[in-house]
Participant: 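Before I ask anything, here is the structure I am working with.
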Amino acid sequence: MLRSSLPEALRSRGVSRRRFIDFCSAMVATLALPERYLAAVADALNRTDRPVLVWLEFQDCAGNTESMLRSDDPPVADVVLELLSWEYHETIMAGAGKQAEAALKRVVEQEAGKYIAVVEGAVPTADGGVYCTIAGRTALDIAREVCTHAAATIAVGACAWDGGLVRSAPNPTGAVGLQEAVPGIKVVNLGGCPHNVANTAAVIVHYLTFHQMPALDQYNRPLFAYGRLIHDQCERRAHYDAGQFVEEWGDEGSRKGWCLYKMGCKGPDATYNCPTVRWNSGTSWPVKSGHGCIACASHRFWDVMSPFYKPLPKVPGFGVDVTAEEIGWGVVGGVAALTAAHAVASVFRPKEEVPKEDKPA
Ligand code: SF4
Ligand code: SF4
């Protein structure tokens with residue numbers, strides 16, 4: 001199939017050269033690459049042959065598809081849609097039924113080893129996987145075939161990563177994440193509920209530029225996005241250190257933007273670049289808007305991090321476990337104690353998730 005070049009495709013979509021460079025610049029920043037990589041990224045994307053992408057949806061709510069399509073500024077959605085040749089995506093493709101399934105079959109047969117597979121949603125494994133079937137085939141069967149023939153597979157959202165909400169007890173369908181359903185395939189997991197499209201775009205841009213996936217953590221999540229504690233990037237952190245907490249919704253602390261720890265914020269135990277990439281065109285993120293983080297990008301967060309409005313029980317790191325309030329009041333005004341408070345973060349942070357410099361080939 002003859003595919004137009006990326007510059008041609010962007011022109012036809014009305015994306016100017018300036019907007020394209022803005023996009024490249026945003027991707028370089030998201031990937032935590034030095035600015036000097038901007039030219040290399042733009043050049044690589046201009047020359048890409050726009051590999052085929054197939055997007056599979058299993059036990060999902062389509063929230064990750066929505067997250068991707070609703071992006072607008074920088075024009076992530078426009079450029080991502082044109083970076084790749086989208087051949088199969090149930091929610092947005094024009095074709096349906098046998099026509100759609102024929103498109104997927106053609107990709108697996110004719111583009112084997114060259115296409116990118118994106119998976120959204122959990123995979124049911126109970127009773128042979130009968131609880132999610134598409135065109136008469138189980139999700140398990142489709143995932144095995146499509147992902148084992150792909151050049152790279154990306155699992156977007158909590159459900160595709162670790163089973164998400166679908167896997168929470170009692171889990172009657174035996175739902176699991178993609179990696180567990182199809183062991184042996186190499187998956188990049190982009191946790192989050194939903195995923196942030198800026199990170200998904202950055203992974204694709206990294207792959208197209210350097211011909212390899214970015215550095216990953218122990219959960220196969222990209223370090224550029226999941227390598228730092230939310231607590232360490234939060235604009236309310238000074239209030240945590242000073243022992244200034246919101247005690248109830250709408251109180252004085254709430255109006256003054258104080259720390260949301262006591263309202264259940266899980267930021268001290270969650271890693272993600274949510275505070276820097278943000279949402280709604282980079283406008284804000286939940287903690288900035290006044291709600292605690294529920295750790296949606298953490299492993300099995302529906303089970304591990306709930307109840308969402310209950311504070312994390314203890315803050316380890318001072319020889320004995322103490323509450324956040326005790327730390328806060330203990331450090332007010334004390335430089336030495338503030339240093340100790342910052343040490344909390346490194347105690348929380350699993351050693352495997354310590355940020356490393358992303359070193360492209
Ligand atoms: S507990 Fe939550 S609101 Fe408070 S500083 Fe940490 S991440 Fe920010
Ligand atoms: S603030 Fe926390 S729960 Fe909310 S979107 Fe960001 S990472 Fe997810």
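Sequential numbering from 1 along the given sequence is applied to the chain's residues.
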Participant: Give the ring-plane orientation class for Tyr219 versus His299, where under 30° counts as parallel, over 60° as perpendicular and anything between as tilted.
Facilitator: parallel

Participant: Mind checking the OG-CG spacing from Ser85 to Asp49? Nearest 0.5 Å is all I need.
Facilitator: 10.0 Å

Participant: Please report the closest heavy-atom contact between Cys193 and Cys296, naming both atoms and the distance.
Facilitator: N-SG, 3.4 Å

Participant: Would you call Phe23 and Leu83 a side-chain contact if the rule is heavy atoms closer than 4.5 Å?
Facilitator: yes

Participant: Quick check on the hydrophobic clustering: are Met27 and Val15 connected, directly or via other members, by side-chain heavy-atom contacts under 4.5 Å?
Facilitator: yes

Participant: Is Leu84 reachable from Leu81 through a run of hydrophobic residues whose side-chain heavy atoms are each under 4.5 Å from the next?
Facilitator: yes

Participant: Is the shortest side-chain heavy-atom distance between Phe245 and Tyr240 below 4.5 Å?
Facilitator: yes

Participant: Counting distance only, does the side-chain N/O of Ser25 pair as donor-acceptor with the main-chain N or O of Ile21 below 3.5 Å?
Facilitator: no

Participant: Looking at Glu87 and Lys114, does any basic side-chain N land under 4.0 Å from a carboxylate oxygen?
Facilitator: no

Participant: Report the C-alpha separation of Thr271 and Arg221 in whole Å, then their side-chain angles, then the decisive distance to 0.1 Å, and conclude whether the side-chain hydrogen bond (donor to acceptor under 3.5 Å, both in side chains) test is met.
Facilitator: CA-CA 11 Å; Thr271 63; Arg221 302 176 307 172; 3.3 Å; yes

Participant: Without swapping roles, check the side chain of Thr48 against the backbone of Arg50 for a donor-acceptor pair under 3.5 Å.
Facilitator: yes

Participant: Does the side chain of Met213 reach to within under 4.5 Å of the side chain of Ile154, using non-hydrogen atoms?
Facilitator: yes

Participant: If you define the side chain from C-beta out and look only at heavy atoms, does anything of Cys24 sit under 4.5 Å from Val41?
Facilitator: yes

Participant: Measure up the Trp55 and Trp86 rings against each other and bin them: parallel (under 30°), tilted (30 to 60°), perpendicular (over 60°).
Facilitator: parallel

Participant: Kindly indicate, with the supporting measurements, whether the criterion side-chain contact (heavy atoms from CB on, under 4.5 Å) is fulfilled by Met305 and Asp269.
Facilitator: CA-CA 9 Å; Met305 295 296 183; Asp269 204 13; 3.9 Å; yes

Participant: About how many Å separate NZ of Lys266 and OH of Tyr261, when rounded to the nearest 0.5 Å?
Facilitator: 9.0 Å

Participant: Is there a donor-acceptor pair closer than 3.5 Å between any side-chain N or O of Arg167 and the backbone N or O of Asp162?
Facilitator: yes

Participant: Checking the side chain of Ser12 only, and the main-chain atoms of Ala9 only, is there a donor and an acceptor separated by less than 3.5 Å?
Facilitator: yes

Participant: side-chain contact (heavy atoms from CB on, under 4.5 Å) for His206 and Gln212? Distances and angles first, verdict last.
Facilitator: CA-CA 7 Å; His206 192 285; Gln212 65 180 36; 4.2 Å; yes

Participant: In this structure, would Val156 and Val277 fall into the same cluster of hydrophobic residues linked by side-chain contacts under 4.5 Å?
Facilitator: no

Participant: Considering only heavy atoms from C-beta outward, does the side chain of Thr133 approach that of Thr138 to under 4.5 Å?
Facilitator: yes

Participant: Could you give the distance from CZ (Phe210) to CG (Leu208), rounded to the nearest 0.5 Å?
Facilitator: 11.0 Å

Participant: Over 60° means perpendicular and under 30° means parallel, so classify the ring planes of Phe308 and Phe301, tilted if in between.
Facilitator: parallel

Participant: Quick one, Cys293 and Pro275 - any side-chain contact, counting heavy atoms below 4.5 Å?
Facilitator: no

Participant: Quick one: are Thr153 and Lys186 in side-chain contact, heavy atoms under 4.5 Å?
Facilitator: no

Participant: Donor-acceptor pair, Ser67 side chain versus His195 backbone, under 3.5 Å?
Facilitator: yes

Participant: Donor-acceptor check, side chain of Asn189 to backbone of Gly191, threshold 3.5 angstrom: yes or no?
Facilitator: no

Participant: With a 4.0 Å cut-off on N to O distance, would you call Asp141 and Arg137 a salt bridge?
Facilitator: yes

Participant: Verify, without hydrogens or angle tests, whether Thr125 (side chain) and Gly174 (backbone) share a donor-acceptor contact under 3.5 angstrom.
Facilitator: yes

Participant: Can Leu56 and Tyr88 be said to form a side-chain contact (heavy atoms from CB on, under 4.5 Å), step by step?
Facilitator: CA-CA 8 Å; Leu56 306 174; Tyr88 183 87; 3.9 Å; yes

Participant: For Arg236 and Val287, indicate whether the former's side chain and the latter's backbone hold a donor-acceptor pair under 3.5 Å.
Facilitator: yes

Participant: For Leu216, does its backbone N or O pair with a side-chain atom of Tyr226 as donor and acceptor, under 3.5 Å?
Facilitator: no

Participant: Keeping Glu111 on the side-chain end and His149 on the backbone end, is there a donor-acceptor pair under 3.5 Å?
Facilitator: no

Participant: What's the separation between atom CD1 in Ile294 and atom SG in Cys265, rounded to the nearest 0.5 Å?
Facilitator: 10.5 Å

Participant: Taking Ile185 as the starting point, is it possible to reach Val176 by hopping between hydrophobic residues whose side chains are less than 4.5 Å apart?
Facilitator: no

Participant: Determine, using the 4.5 Å side-chain heavy-atom cutoff (strictly less than), whether Val123 and Val182 are members of one ILVMFWY cluster.
Facilitator: yes

Participant: Between Leu6 and Glu82, does a side-chain contact (heavy atoms from CB on, under 4.5 Å) hold up when you go through it step by step?
Facilitator: CA-CA 6 Å; Leu6 180 67; Glu82 295 303 343; 3.9 Å; yes

Participant: Take the angle between the ring planes of Tyr309 and Trp249 and call it parallel below 30°, perpendicular above 60°, tilted in between.
Facilitator: perpendicular

Participant: Is the closest side-chain heavy-atom distance between Cys159 and Gln59 below 4.5 Å?
Facilitator: no

